[in-house]
Each structure stands twice: as C-alpha cells, then as structure tokens.
Amino acid sequence: VTAMNILTNRIEYAVGDASHQGYLAYDDEITAARPGVVIVHEWWGLNDYIVRRAHMLAELGYVALAIDMYGGGQIASDPGQAGELMNGVLNDMETGTAALRAGHELLLDQAGVDPARSAAIGYCFGGAMVLHMARIGMPLTAVASFHGALGSFHTADPGSIQAKILVCHGAADSMVSMDDLEGFRREMDAAQADYEVLLLDGAKHGFSNPEADVNAEKYGIDLGYQQQADEKSWAAMQGLFERVF
C-alpha cells in the first residue's frame, strides 16, 4: 500500500466582490502533476458530505477542490434556506457562471494540478452546475453529475462541449423525471456531445448521500440513500476518469 498523506485546506477566494470559501484536499505524497477535480455541492451548501467526497477524490490521487457557490461558506440548516440559497444562484446565472469559472481557475492555480487535465463532479444542484460548465464549453476533460437536475440555461453549439459527460440518474427520482432525461439526451445529441447516462434501478433523488434518508424523514422530501447506486455511480466516475486521464 502506498503511503498517503491527505492534506486539507480552506481557501478564501473572490467572485466579484464576494468572498467564497473552498475546501482543498490532496495527497502530499504524490509529487507528479496530476488531474484536478472541482466538486460542486448540493443545495445544502459545502457541508461535511462534500468534504468527505473531496477526501475520497484525494485518496484516488486527484487534487480535489470543493467550491462554494453561495459565498461565505454558507450551509443551509433546512430546506427553506437551502431553496433560497440555491434559487439565488439559479436566478442569477451570470454570477453563478462567474462562481464556477472562479472555482475552476482556483483549482488550476493549485500546486500539483496539471492544468491540461481537470474535471468537475456535482450532486443535485451541483450536478446541474457541472453540466452547465460542460454546456458553456469550459476546458474540462470530464464532468459527472450525481442525481443532478438536467434542465439547461444554455444551448450548446454543436461540437462546443469539450468535456466527456457522465450522468448518474436514479430511475425512481421523483424530482428529475424520465422526461427530463429524454430531453437531456436529445439536447446532448444535438450538441454532438460525448456523454453517457447511468440509470440506477430503484434509486431516488439523493441516492449517493447517506443523510438522504434522515432528511427525507425530517422534512418529508422524496429522497433516499441507496448504497448500491452510490457505489455503482462512484465506480462509473472512476472509470471515466481513468479513461480520460
């Protein structure tokens, strides 16, 4: 087993006049330049779940940067606040796009990151955000969305999407419908994108997050954790990264 020394660091960075707080994780034992991966959080904000994913990516040998889409490292304490924070971004996608670009640039600036090889992954709201990064042609090698919203803020010109796209979608997701998925497929075909969809049987919205069950019960939202879907989607992401990097 190779020695591992995961270092972490909270980084303040600016998006316009606002201060945002990212979370960086990487294995200090690796000396060679390696791919960097941006992580975009769920509607809850950059919480412990997203921090854990950053560590998992660092353990795979990537430099991981969880970015903060809300500013000030804000984390929602309930769905009402989460919805407000999320809609604040969705209703001003110009600023949202600037936040995504700033986060990606911050990743590329980190020591140890090979700027020619970067990816982005996102969960729920974050899934929609990384798909947006791909749609607007950001220089990413790959993006992976886990139970992300599939609607678009931008129609990509044919051939303009640089990233290979992986969409991991729960077949029992009541928040992102199969119609949405069909629309997404049509959109990606029209854009001539290189994409794949992993459809996970019986998986609900939030299938990758062990806290989904607690939140479902607490707030009456149709979420659910499914270990099999979680592991299968993570393995699909790893497979994609191994192929492209």
Side-chain angles (χ1 to χ4, degrees), residues 7-26 35-55 57-58 62-77 79-146 148-149 151-156 160-163 165:
L7 296 188
T8 64
N9 186 15
R10 292 206 179 257
I11 306 179
E12 284 217 13
Y13 62 104
V15 179
D17 298 331
S19 171
H20 290 238
Q21 284 181 9
Y23 184 92
L24 182 74
Y26 59 97
V37 182
V38 163
I39 310 168
V40 190
H41 54 73
E42 298 180 305
W43 70 335
W44 303 110
L46 204 177
N47 58 11
D48 293 347
Y49 172 63
I50 298 300
V51 163
R52 184 166 67 80
R53 291 295 182 186
H55 285 239
L57 283 165
Y62 303 113
V63 176
L65 176 68
I67 65 175
D68 166 21
M69 291 300 291
Y70 295 156
Q74 291 179 86
I75 296 170
S77 53
Q81 193 189 1
E84 257 171 59
L85 287 166
M86 177 177 75
N87 287 327
V89 176
L90 300 180
N91 294 333
D92 178 10
M93 274 307 288
E94 200 175 320
T95 305
T97 301
L100 293 167
R101 290 192 190 279
H104 185 237
E105 279 159 23
L106 181 67
L107 172 75
L108 299 185
D109 286 346
Q110 298 310 307
V113 174
D114 174 357
R117 294 184 295 163
S118 64
I121 72 169
Y123 296 87
C124 300
F125 159 72
M129 292 299 102
V130 301
L131 292 174
H132 180 66
M133 293 167 92
R135 283 176 172 114
I136 61 174
M138 282 176 66
L140 292 155
T141 311
V143 305
S145 161
F146 298 85
S152 182
F153 307 95
H154 173 84
T155 306
S160 67
I161 295 178
Q162 301 184 42
I165 295 172

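What you see is a predicted model; the values in this text were computed from it and never measured.
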From [atom1] ([X]) to [atom2] ([Y]), nearest 0.5 Å:
X: L85; Y: L90; atom1: CG; atom2: CG; answer: 11.0 Å
X: D114; Y: L108; atom1: CG; atom2: CG; answer: 9.5 Å
X: T8; Y: L24; atom1: OG1; atom2: CG; answer: 8.5 Å
X: I39; Y: F146; atom1: CD1; atom2: CZ; answer: 10.0 Å

For [X] against [Y], the heavy-atom pair lying closest together:
X: V38; Y: M133; result: CG1-CE, 4.5 Å
X: A66; Y: I50; result: CB-CG2, 3.7 Å
X: V113; Y: L107; result: CG2-O, 3.4 Å
X: A25; Y: A54; result: CB-O, 3.8 Å
X: S19; Y: E12; result: OG-OE1, 2.8 Å
X: A163; Y: A134; result: CB-CB, 4.3 Å

Donor-acceptor pairs under 3.5 Å, side chain of residues 91-106 to any protein atom, not counting sequence neighbours: which ones?
{"residue": "N91", "atom": "ND2", "partner": "N87", "partner atom": "O", "Å": "3.1"}
{"residue": "D92", "atom": "OD1", "partner": "T95", "partner atom": "N", "Å": "3.3"}
{"residue": "D92", "atom": "OD1", "partner": "T95", "partner atom": "OG1", "Å": "3.2"}
{"residue": "D92", "atom": "OD2", "partner": "T95", "partner atom": "OG1", "Å": "2.5"}
{"residue": "T97", "atom": "OG1", "partner": "M93", "partner atom": "O", "Å": "2.7"}
{"residue": "T97", "atom": "OG1", "partner": "H132", "partner atom": "NE2", "Å": "2.9"}
{"residue": "H104", "atom": "NE2", "partner": "S118", "partner atom": "OG", "Å": "2.8"}

Has the side chain of [X] got a donor or acceptor atom that lies under 3.5 Å from a matching backbone atom of [Y]?
X: Q162; Y: G137; result: yes
X: Y70; Y: L46; result: no
X: H20; Y: D68; result: yes

Q: Under the ring pair (Phe, Tyr, Trp, His ring centres under 6.0 Å) rule, collect the residues that match up with Y26, sequence neighbours excluded.
A: none
Q: Please determine which of Y23, W43, W44, Y123 meets the ring pair (Phe, Tyr, Trp, His ring centres under 6.0 Å) test together with Y49.
A: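 Among Y23, W43, W44, Y123, the one that satisfies the ring pair (Phe, Tyr, Trp, His ring centres under 6.0 Å) with Y49 is Y123.
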Would you indicate whether the side-chain heavy atoms of [Y] and [X] approach each other to under 4.5 Å?
X: V51; Y: H41; answer: no
X: L131; Y: H154; answer: no
X: L57; Y: I121; answer: yes
X: Q110; Y: I11; answer: yes

Q.
Before you tell me yes or no, could you show the steps for I67 and Y13 under side-chain contact (heavy atoms from CB on, under 4.5 Å), namely the whole-Å CA-CA distance, both residues' side-chain angles and the distance that decides it to 0.1 Å?
A. CA-CA 10 Å; I67 65 175; Y13 62 104; 3.4 Å; yes
Q: Given side-chain contact (heavy atoms from CB on, under 4.5 Å), test V143 with M138 step by step and report yes or no.
A: CA-CA 10 Å; V143 305; M138 282 176 66; over 6 Å; no
Q | Those residues that, when tested against D109, pass salt bridge (Lys or Arg N to Asp or Glu O under 4.0 Å) (two or more places apart) | A |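 Per chain and number, D109 pairs via salt bridge (Lys or Arg N to Asp or Glu O under 4.0 Å) with no residue.
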